[in-house]
Amino acid sequence: MTLEELTSRLETLRVRPLTLEIPFAQAGKHVHFYLVEDSRPALFDTGLHKPDSSRWLEKALRKFGYELADIQRVFLTHGHIDHYGNARVFQNLGAEVYLHPADFNKVLTVEDHQAAVLVDLYAEEFQRHGFPASLVNDLGIVLSGQNEFARPIAPPTPVADGDCFTFDRFTVRTVSVPGHTPGCVAYFLGDSGVAITGDHLLHGISPNPLFELSVTGEKFASLVTYFQSLEKILAEPLELGLPAHGMFVTDAPELVRSLTAFYERRQSKIFRMLTEPVQAFALCQSYYRRLKRFDIFLGFSEMLGNLEMMAARGEISQNLRANRYVYERMVDKPIAFPLAS
Ligand SMILES: [Zn+2]
């Protein structure tokens with residue numbers, strides 16, 4: 001797709017990309033979100049909250065002839081701070097905010113979700129994976145996802161797979177794509193082949209699904225689920241993915257192929273390292289070496305995601321022994337990746 005084709009397609013749909021700088025190198029230092037011009041103007045995601053966010057948003061929207069208060073609907077792709085960070089600004093001005101309920105606990109005020117209960121559940125689970133007690137104590141920092149970059153919101157309106165919303169030029173269809181978070185969705189704009197895909201499909205950035213527990217303490221198999229959602233989105237009529245970071249996605253099958261090849265290499269390396277039964281934390285330390293604080297959490301989430309995928313294929317097993325999870329090989333050679341063909 002040429003740049004002209006791309007521009008004219010967005011013009012026809014009245015979709016206006018907005019790009020805000022963010023201080024996270026892992027995410028490519030910027031976030032895109034999208035204004036859809038309509039008689040009920042809408043934003044898809046809202047960017048990260050910063051002290052001057054409202055002024056920045058005001059200026060960005062004015063370029064297209066809108067004021068902050070004109071935005072009537074805010075559709076969130078998922079509950080990460082660089083996506084919902086400014087949703088409160090619009091909610092306070094009367095906009096309706098939509099989000100998949102599986103991500104509600106990320107965006108609500110601490111009183112509204114069960115942060116205190118969760119910290120204990122995470123601490124217990126991390127200890128079972130071999131985390132040293134000193135690191136478990138740092139967990140509060142990791143889990144308080146709400147920081148200066150996001151303002152908690154009042155309970156949003158839930159969206160579910162298949163939900164449709166009427167716009168002047170098309171109907172928006174919600175497609176649930178859990179993985180990067182449990183509540184990730186993509187929004188398809190009518191039959192245009194264009195979808196706002198959030199963090200589900202990104203060029204050159206691994207989806208890095210984070211370690212997550214439900215409020216009842218169940219582990220979300222993030223990477224396993226992510227790959228199922230990749231298959232799901234490939235079955236959709238997707239010609240142009242509008243992502244939250246990096247370049248637009250004009251060849252989703254190719255992006256999925258390279259991601260699959262990347263994970264296949266990573267998992268065969270992990271398989272080679274599993275010469276004896278081992279815990280995920282120890283494996284993470286020898287795989288990544290020298291990770292610090294929050295990066296340990298990222299690296300560990302990534303390691304566990306890979307181990308869960310390998311276990312789902314029957315390559316390795318996860319056993320709980322004396323309240324410790326231990327991973328070991330079940331076969332002599334890695335089993336072929338289902339998506340690699
Ligand atoms: Zn995200």
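Numbering of ligands and ligand atoms starts at 1, following listing order.
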Between Leu76 and Pro156, is any pair of side-chain heavy atoms under 4.5 Å apart? no
Output yes if His78 passes the N/O/S-under-2.8 Å test against the Zn ion (ligand 1); output no otherwise. yes
I'd like to know whether the aromatic ring centres of His32 and His245 sit less than 6.0 Å apart in this structure. no
The atom of His180 among N, O or S that is nearest the Zn ion (ligand 1) is NE2
Geometry at the Zn ion (ligand 1) - Asp199 OD2 versus His80 ND1 angle, rounded to 10 degrees: 170°
A cation-pi test, strictly: NZ or CZ of Lys269 under 6.0 Å from the centre of the six-membered ring of Tyr287 and no more than 45 degrees from its axis. Yes or no? yes
Aromatic Tyr98 / basic Arg73 pairing, under 6.0 angstrom, 45° off normal: no
